[in-house]
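What follows is one structure encoded as structure tokens, with my remarks underneath.
In the text below, chain A, chain B and the rest are named by the order of the sequence lines, each starting its count at 1. Nothing here was measured: the structure is a model prediction, and the numbers come from that model.
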Amino acid sequence: MTEAGVLSELERIMRMPPGSISVGETLESLGRWDSLAVVEFIAFADSLDLAVDPEHIDQCVTIRDLITVLGDKVVG
Amino acid sequence: MRAAVRAIEYYLPKQTLTNDDLATLFPDWPAEMIEAKTGIIERRVAAADECASDLGVAAARKLFENGACRPDEIDYVLMCTQSPDYFLPTTACLLQERLGLRTGVGAIDVNQGCSGFVYGLGLAKGLIETGQAERVLLITAETYSKFIHPGDKSVRSLFGDAAAATLVSAVSGEGPTLLGPFVYGTDGRGAPNLIVPSGGARLPREREAPETRDDSGNTRTVNHLYMNGPSIFAFTLKVVPDAITRLQGIAGLGVADVQLYVLHQASGYMLDHLRRKLQLPRERFAVALSHCGNTVSSTIPIALKSAHAAGDLHAGDRVIVMGFGVGYSWAAAAMTWTP
């Protein structure tokens with residue numbers, strides 16, 4: 001999975017237009033990062049064969065932090 | 001002597017809570033999104049004076065009226081509920097009296113939630129196959145709505161009230177097991193993630209409990225149900241595939257041998273993800289929550305009954321059932337459909 005692919009998936013999860021999310025943005029500023037979005041992010045990670053601890057997601061502040069949670073499942 | 005599930009009936013309270021109702025209450029939660037995210041169109045809500053025993057009595061009476069057995073033929077009642085009529089006495093004792101069962105019956109409550117039906121099947125099998133009972137009436141009944149804060153759209157959207165009555169009885173003659181094997185699991189670290197904090201001995205119910213509002217805008221107090229959705233989901237992804245795989249290994253069953261998988265109907269989103277993760281064909285994976293929601297321990301018997309009524313289950317079919325959730329607790333079983 002590429003970084004662009006992760007951004008695209010996050011746009012789908014948060015029902016935002018393509019190309020509207022950048023890695024430096026804070027989750028709070030997007031106004032759409034709620035518990036349902038977290039569930040869908042966990043499902044997305046699971047589809048990459050990665051088990052994510054929800055507490056690690058709770059500590060994320062930016063989009064970049066979410067990408068970091070995915071570790072080596074994200075390349076490029 | 002072998003134990004088998006012989007009949008199931010269920011009862012839903014009359015009052016409905018539709019997605020349109022929720023969208024009116026929570027304008028940022030449109031009806032179309034509720035259905036897309038939960039797979040639920042409406043859920044039922046018990047009346048103010050309607051308790052778990054009332055729902056259980058109604059379900060059991062349907063069982064008797066449809067000829068599954070006579071009340072006097074029941075020799076044990078298992079009542080699975082987390083919303084008992086009283087702390088004491090045991091709600092199953094109330095059921096004995098209200099259903100006109102003999103006084104020479106056993107009757108106990110089982111305090112378990114989403115895994116409760118499968119735990120109940122295991123207990124019923126034990127009672128029957130050790131000769132302690134011949135016909136066990138397993139009732140699952142919940143009124144979670146009474147614990148839900150009106151301002152908490154997360155749990156209001158998911159949970160519905162209902163009861164199911166299942167007859168588990170002895171089948172004479174030799175042959176392969178009709179109910180089992182079973183796989184059980186418990187992880188108490190998950191206890192804080194689905195809980196009503198007050199009302200028990202640990203924290204008395206507070207008459208004027210202060211309200212809190214979470215980051216998603218849900219309001220509740222310590223007197224109300226709290227659910228950490230992401231943690232529950234992560235737990236489900238971890239234990240469900242492992243338990244199903246383990247169960248199938250013990251039972252010597254491959255996917256092709258199982259006619260129907262019936263998992264706890266927690267939410268449409270979770271079921272869809274689990275089905276894809278387990279690589280199960282859609283036509284052999286039960287989804288039956290659109291018109292009743294997550295009814296806790298009744299979701300599996302409701303799904304089984306619905307599948308049978310729709311002609312998707314036939315005598316001799318191999319079925320795998322699995323409940324998982326509050327506790328954390330989980331239980332899976334294989335069974336042969338023996339109507």
Side-chain angles (χ1 to χ4, degrees), chain A residues 1-2 5-18 20-21 23-74, chain B residues 22 26 28-30 32-40 152-158 187 189-190 192-194 212-220 225-242 266-279 294 328:
Chain A
M1 174 63 61
T2 65
V6 176
L7 292 178
S8 177
E9 178 64 19
L10 287 172
E11 284 158 358
R12 186 197 67 76
I13 288 172
M14 287 187 274
R15 303 180 315 279
M16 299 180 71
S20 59
I21 293 179
V23 296
E25 287 185 271
T26 65
L27 298 171
E28 188 178 2
S29 69
L30 296 171
R32 296 185 180 212
W33 187 249
D34 56 14
S35 59
L36 267 179
V38 175
V39 165
E40 293 197 43
F41 183 77
I42 293 170
F44 171 57
D46 187 59
S47 71
L48 301 175
D49 209 22
L50 177 68
V52 173
D53 185 338
E55 288 186 6
H56 292 165
I57 301 175
D58 282 347
Q59 292 162 6
C60 293
V61 174
T62 64
I63 296 292
R64 170 64 64 199
D65 292 338
L66 285 180
I67 294 173
T68 302
V69 166
L70 297 175
D72 60 10
K73 298 296 182 181
V74 182
Chain B
L22 287 168
F26 306 104
D28 61 342
W29 190 217
E32 301 75 24
M33 189 184 300
I34 298 172
E35 183 177 354
K37 297 294 183 187
T38 67
I40 301 167
D152 190 339
K153 68 176 186 289
S154 66
V155 289
R156 272 191 98 176
S157 301
L158 284 178
D187 187 349
R189 290 173 297 178
N193 292 324
L194 189 50
T212 58
R213 192 176 167 89
D214 67 22
D215 293 341
S216 299
N218 298 302
T219 304
R220 66 183 72 88
L225 184 69
Y226 164 69
M227 184 183 75
N228 182 331
S231 292
I232 301 277
F233 188 64
F235 144 76
T236 299
L237 295 181
K238 182 177 157 207
V239 305
V240 171
D242 282 351
S267 81
Y269 183 86
M270 183 184 286
L271 285 172
D272 183 62
H273 188 87
L274 283 172
R275 184 191 65 76
R276 287 185 281 111
K277 186 177 176 72
L278 292 165
Q279 298 182 300
N294 177 342
Y328 294 143

Inset, instruction - Quick one: pull up CG in A:D58 and OG in B:S231 and give me the separation to the nearest 0.5 Å. - result: 7.5 Å
Inset, instruction - Apply side-chain contact (heavy atoms from CB on, under 4.5 Å) to the pair A:L36 and B:W29, showing each step before the final yes or no. - result: CA-CA 12 Å; A:L36 267 179; B:W29 190 217; 3.5 Å; yes
Legend entry - Spatial distance of atom CG (B:L274) from atom CG (A:D46) [nearest 0.5 Å]: 8.5 Å
Legend entry - Proximity breakdown for A:I42 and chain B, heavy-atom pairs closer than 4.5 Å: both
Inset, instruction - Go through the atoms of B:M33 and report whether side chain, backbone, both or neither lie under 4.5 Å from a heavy atom of chain A. - result: side chain
Inset, instruction - Answer yes or no: does atom CG of B:D28 have more than 12 heavy-atom neighbours from other residues, nucleotides or ligands under 6.0 Å? - result: yes
Legend entry - NZ-CG distance between B:K238 and A:D53, expressed to the nearest 0.5 angstrom: 10.0 Å
Legend entry - Heavy-atom pair of closest approach, residues B:Y269 and A:A43: OH-CB, 3.2 Å
Legend entry - Residue, of A:V52, A:V39, A:V38, that accumulates the most heavy atom pairs under 4.5 Å with chain B: A:V39
Inset, instruction - May I ask you to name which of A:R15, A:E40, A:E55, A:E28 has the most heavy-atom pairs under 4.5 Å with chain B? - result: A:E40
Legend entry - Side-chain donor/acceptor of A:S35 to backbone N/O of B:G229, under 3.5 Å: no
